[in-house]
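Written out below as structure tokens is the structure these notes cover.
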Amino acid sequence: MKGKSLVRAALQGCLAAAVAQAAVAADVKVTPLGGHEGELCPQDRALLFEDPDGTRVLYDVGRTVAGAEDPRLGRIDVILVSHMHGDHVGNAHNKAPGSGSCDKPDTSVSALPNSNTVNIALAKKAKIVTGSEMPPFFAGKLAAGGGDPKDSVLARFGGSVKIGGVAIATVPAFHSNGLDPDYIGGELGKSMKAAGIAGYVGEATGYVLTFSNGLVVYLSGDTGITAEQDLVVRGHYKPSLAVMNIGGGFTTGPTEAAYVINDLVKPKAVIASHVNEVGTREGKVLPGSKTEAFIKAVSVPVHVPLSGRTMTFDSAGKCAAGC
Ligand SMILES: [Zn+2]
């Protein structure tokens, strides 16, 4: 090769490498922060999304994130809470990442009356973005904890808020959303508890996130089958990736969730979530599990969120690595 062509070849090589790196850099990273490294466990809820611009969004903290000190968290910019039940907002949490077993985690650390969500938001100076009537509750907790109540941000149905490179919208979820009186405390909390009454904080929600690379993700939250999954989520937002709760009992089970994915939302791929079972052993889906039933019933690729294993997605919802 002559000198000139050598230079040209080298330049072309550099260009190809730069293009490849830009493609990787434009992917969205999704890291499950579950109860047991490399597995899918019953309490697993938390997913950490990282936009290509670096914005880090933590969805449904739950109990498997071991408080604000959990080293897996790193910087957190935004926390999303689909609804106020203890397994989502985090009424208690793991002693340390992976404490206890997958089946029986040691979630003996109480986070009352604050919640795991509020404690992490205070420590990380993160914004809590919720819909419905939840923002005033979180604003009050942040203020009481020495934080800024303005860090509790409203995204009610129909609108969206943009934080960093991520646009956040809430969508309807058909569930319940009572606030446990343990978060209220005092005489009022005691009386409510005795009467079996929960606090009103509006409807439960799901989310649609639009990342800076164009990837649109639907987060179902706890929900049954809803008409909005067709008319609103697919009809308007057109997500290419969904995170679908499949545990049954409290939400859609594998059969109902598969219908939502195949016939209503129609994404290009789906991450199974909220399985309420030991879904995997040594990272492999257990035969006879709800997770397996869901994978068999769904017509697009199903990704299993193994704790600590980062998956990356391109703008079209295609898993580029880690699946
Ligand atoms: Zn739940």
Side-chain angles (χ1 to χ4, degrees), residues 32-36 39-49 57-66 79-94 102-105 107 110-112 115-118 120 128-134 137-138 170-183 198-208 217-226 228-229 233 242-258 260-261 265 270-279 289-291 293-294 304-305 307:
L33 304 182
H36 221 77
E39 305 287 4
L40 176 59
C41 300
Q43 297 273 319
D44 291 7
R45 309 283 184 266
L47 295 176
L48 178 56
F49 291 85
V57 180
L58 180 59
Y59 165 55
D60 275 359
V61 171
R63 299 174 180 134
T64 61
V65 176
I79 302 177
L80 309 176
V81 185
S82 62
H83 65 292
M84 299 303 305
H85 293 164
D87 59 320
H88 293 260
V89 74
N91 57 350
H93 63 76
N94 268 19
C102 180
D103 194 16
K104 290 197 175 56
T107 57
S110 172
L112 295 170
S115 77
N116 205 12
T117 295
V118 168
I120 293 169
I128 302 174
V129 180
T130 54
S132 207
E133 306 284 359
M134 292 180 270
F137 167 78
F138 285 116
T170 55
V171 289
F174 225 117
H175 193 58
S176 72
N177 195 26
L179 179 72
D180 193 302
D182 286 343
Y183 299 101
Y200 172 78
V201 282
E203 299 84 6
T205 69
Y207 287 92
V208 174
V217 183
Y218 167 55
L219 311 174
S220 74
D222 279 6
T223 186
I225 300 167
T226 76
E228 288 85 358
Q229 287 164 331
V233 177
V243 174
M244 190 68 212
N245 293 14
I246 70 159
F250 307 95
T251 69
T252 46
T255 312
E256 297 83 4
V260 170
I261 294 302
V265 177
V270 58
I271 296 172
S273 188
H274 198 285
V275 296
N276 287 357
E277 65 175 2
V278 175
S289 63
K290 289 180 277 187
T291 306
F294 179 68
V304 178
S307 183

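All values below were derived from every heavy atom in this structure, side-chain atoms included, with hydrogens, water molecules and symmetry-related copies excluded. Atoms within each ligand, like the ligands themselves, are counted from 1 in listed order. Start at 1 with the first residue, then count along the sequence.
The Zn ion (ligand 1) sits nearest to atom OD2 when only the N, O or S atoms of D87 are considered. D222 contributes OD2 as its N, O or S atom closest to the Zn ion (ligand 1). For H88, the N/O/S atom at the shortest distance from the Zn ion (ligand 1) is named NE2.
Classification of the H88-H83 ring pair by plane angle, with boundaries at 30° and 60°, yields tilted.
The Zn ion (ligand 1) lies at 2.8 Å or more from every N, O or S atom belonging to H83.
At a threshold of 4.0 Å, the pair D87-R63 does not count as salt-bridged, since none of the basic side-chain nitrogens sits closer than that to a carboxylate oxygen.
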Worksheet item: Can L47 and L33 be said to form a side-chain contact (heavy atoms from CB on, under 4.5 Å), step by step?
Response: CA-CA 6 Å; L47 295 176; L33 304 182; over 6 Å; no

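Without hydrogens or angle criteria, D222 side chain to H175 main chain gives no donor-acceptor distance under 3.5 Å.
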